[in-house]
Amino acid sequence: MELKKRLDHLLERIEKARLAYSRHHIVRLVAVSKYASLEQVQELYACGQRAFGENYIQEFGRKATSLQDLPLEWHMLGPLQHNKINKLLELKPALLHSLHSLELAQAIDTRAKEPINALLQVNVSGEAQKNGVALEHALETYAKISQTCPKIHLQGLMAMGPLGGDEAQSERVFSAARDLFDKLPKAKTLSMGMSGDFELAIAYGANLVRVGNALFH
Ligand SMILES: *Cc1c(COP(=O)(O)O)cnc(C)c1O
């Protein structure tokens with residue numbers, strides 16, 4: 001299938017899930033371009049897509065620099081090592097989804113000259129392979145980052161569904177992330193849902209979905 005058709009099909013599915021949840025609920029799509037070529041990103045741009053997500057700083061830098069003449073919005077999704085912080089800040093991402101600890105937040109805060117928008121990544125399922133703050137510490141960590149890191153503008157949460165989990169497990173994760181999100185002061189972005197589970201995530205209130213495979217198979 002050509003890329004434009006895949007995008008149209010994906011947008012229809014998102015729209016359907018959105019309407020089933022609430023007509024007043026707006027869902028943003030971040031096209032996860034980690035599997036995509038520069039040409040594919042340009043092709044989606046020509047269809048109207050503006051927000052793209054990358055997992056690795058080097059690849060993010062390469063794509064963002066090559067496509068700097070386009071008004072794209074870049075999202076950083078992947079695990080961030082402390083030695084990549086300066087590079088990340090240079091790239092000025094629209095949103096950092098993978099802020100996974102108070103230590104990382106403080107390290108970014110000391111180096112940042114300008115504010116950076118970020119989401120606290122929460123490891124809701126508790127799986128060892130996953131990054132993120134444990135669910136039971138998330139409220140406290142969110143408050144501490146807000147209080148001690150003036151350069152970090154927290155906008156909400158990022159969560160991932162369980163790896164290879166069944167629907168009931170995914171529902172538990174999304175529902176717990178949503179409960180936490182509702183407790184946060186002034187949070188506006190709940191980033192959850194990928195190719196395999198974005199409709200379910202929207203049913204639990206996700207307002208930003210990150211989709212790669214379903215677009216760039
Ligand atoms: C790769 C990735 C995605 C996209 O996953 P797909 O299954 O390809 O849709 C979303 N979020 C994060 C954090 C990722 O690493």
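Side-chain contact between Leu44 and Phe216 is present, with at least one heavy-atom pair separated by less than 4.5 Å. Within the 4.5 Å cutoff, the side chain of Glu12 has no heavy atoms near those of the Glu15 side chain. Using a 4.5 Å heavy-atom threshold, the side chains of Asn207 and Ile26 count as separate. Considering only heavy atoms from C-beta on, His100 stays 4.5 Å or farther from Asn123 through its side chain. Looking at Asn117 and Thr189, their side chains never come closer than 4.5 Å, going by heavy atoms from C-beta outward. Between Ile202 and Phe198, some side-chain heavy-atom pair lies under the 4.5 Å cut-off. In this structure, the side chains of Leu154 and Leu184 stay at 4.5 Å or more apart for every pair of heavy atoms. In this structure the side chain of Leu7 never reaches within 4.5 angstrom of the side chain of Leu3, judged on heavy atoms.
Between the CG atom of Leu88 and the CD1 atom of Ile85 there is a distance of 8.0 Å, given to the nearest 0.5 Å. Atom OG1 of residue Thr148 and atom CG of residue Asp109 lie 7.0 Å apart, to the nearest 0.5 angstrom. We find the CZ-CG distance between Arg210 and Asn55 to be 9.0 Å, quoted to the nearest 0.5 Å. If you take CD on Gln121 and OG1 on Thr141, they are separated by 13.0 Å, rounding to the nearest 0.5 Å. Atom CD1 of Ile14 and atom CG of Leu19 lie 12.0 Å apart (nearest 0.5 Å). Distance check: Ser33 OG to Leu215 CG gives 10.0 Å after rounding to the nearest 0.5 Å.
With sequence neighbours left out, the side-chain hydrogen bond (donor to acceptor under 3.5 Å, both in side chains) criterion links Glu127 to Ser125, Lys130. Residues that satisfy the ring-ring contact (aromatic ring centres under 6.0 Å, His included) test with Phe52, not counting sequence neighbours, are Trp74. Lys144 pairs by the salt bridge (Lys or Arg N to Asp or Glu O under 4.0 Å) definition with Glu140, not counting sequence neighbours. Partners of Arg50 according to the salt bridge (Lys or Arg N to Asp or Glu O under 4.0 Å) rule, which considers only residues two or more places apart in sequence or in another chain, do not exist here. Residues forming a side-chain hydrogen bond (donor to acceptor under 3.5 Å, both in side chains) with Lys16 (at least two apart in sequence, or on another chain): none. With sequence neighbours left out, the ring-ring contact (aromatic ring centres under 6.0 Å, His included) criterion links Tyr21 to His25. In terms of the side-chain hydrogen bond (donor to acceptor under 3.5 Å, both in side chains) criterion, Lys151 has no residue partners (sequence neighbours excluded). Asp166 is linked by a side-chain hydrogen bond (donor to acceptor under 3.5 Å, both in side chains) to nothing, counting only residues two or more places apart in sequence or in another chain. Contacts of Glu199 classified as salt bridge (Lys or Arg N to Asp or Glu O under 4.0 Å), with partners at least two apart in sequence or in another chain: Arg13.
For Tyr56, the OH atom sits in a loose shell: 12 or fewer heavy atoms of surrounding residues, nucleotides or ligands are nearer than 6.0 Å. Within a 6.0 Å sphere centred on CD of Gln129, heavy atoms belonging to other residues, nucleotides or ligands number more than 12.
Side-chain N or O atoms of Gln49 include one that pairs as donor or acceptor with a backbone N or O of Ala51 at under 3.5 Å. Of the possible donor and acceptor atoms, one in the side chain of Ser101 sits under 3.5 Å from a partner among the backbone N and O of Leu104. In this structure a side-chain-to-backbone donor-acceptor pair under 3.5 Å is missing from Gln106 to Glu103.
With Asp8 as the partner, the salt bridge (charged side-chain N to carboxylate O under 4.0 Å, His left out) test is satisfied by one option alone out of Lys4, Arg6, Lys5: Lys4. When the options Arg178, Glu171, Arg172 are evaluated for a side-chain hydrogen bond (donor to acceptor under 3.5 Å, both in side chains) with Tyr204, the one that passes is Glu171.
Nearest heavy-atom pair, Gly156 versus Tyr142, reported as atom, atom and distance to 0.1 Å: N-OH, 3.2 Å. Taking each heavy atom of Leu77 and Ser98 in turn, the nearest pair found is O-CB, 3.3 Å. Contact record, Ala206 with Val27: O-CG2, 3.8 Å, taken as the closest heavy-atom pair. Scanning all heavy atoms of the two residues, the minimum distance from Ser170 to Leu200 falls at CB-CD2, 3.6 Å. The shortest heavy-atom contact between Leu157 and Ala177 is CD1-O, 3.7 Å. Contact between Ile57 and Lys84 at its shortest, heavy atoms only, is CG1-CB, 4.0 Å.
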Check: Between Ile145 and Leu99, is a side-chain contact (heavy atoms from CB on, under 4.5 Å) present by the stated rule, with each step listed?
Finding: CA-CA 10 Å; Ile145 294 173; Leu99 188 63; 4.2 Å; yes
Q.
Would Val124 and Leu180 count as a side-chain contact (heavy atoms from CB on, under 4.5 Å) here? Give the steps.
A. CA-CA 10 Å; Val124 181; Leu180 175 65; over 6 Å; no
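Pairs passing the salt bridge (Lys or Arg N to Asp or Glu O under 4.0 Å) check and including a residue from residues 19-48, sequence neighbours excluded, read Arg28-Glu73. Applying the side chain to side chain donor-acceptor pair (under 3.5 Å) test to every pair with at least one member in residues 88-97, sequence neighbours left out, gives these pairs: His75-His97, Lys92-Glu114, His97-Ser191.
Grouping Ile, Leu, Val, Met, Phe, Trp and Tyr residues whose side-chain heavy atoms lie under 4.5 Å apart, directly or via other members, places Met160 in a hydrophobic cluster with Val30, Leu95, Leu119, Met158, Met194, Leu208.
A single hydrophobic cluster is seen to contain both Leu102 and Leu80, as judged by linkage of ILVMFWY side chains at heavy-atom distances under 4.5 Å, directly or through other members. Connection of Leu72 to Leu89 is established within a shared hydrophobic cluster, with ILVMFWY side chains joined at heavy-atom distances below 4.5 Å, either directly or through further cluster members.
Under 4.0 Å is where a charged nitrogen must lie from a carboxylate oxygen, and between Asp179 and Lys183 no such pair does.
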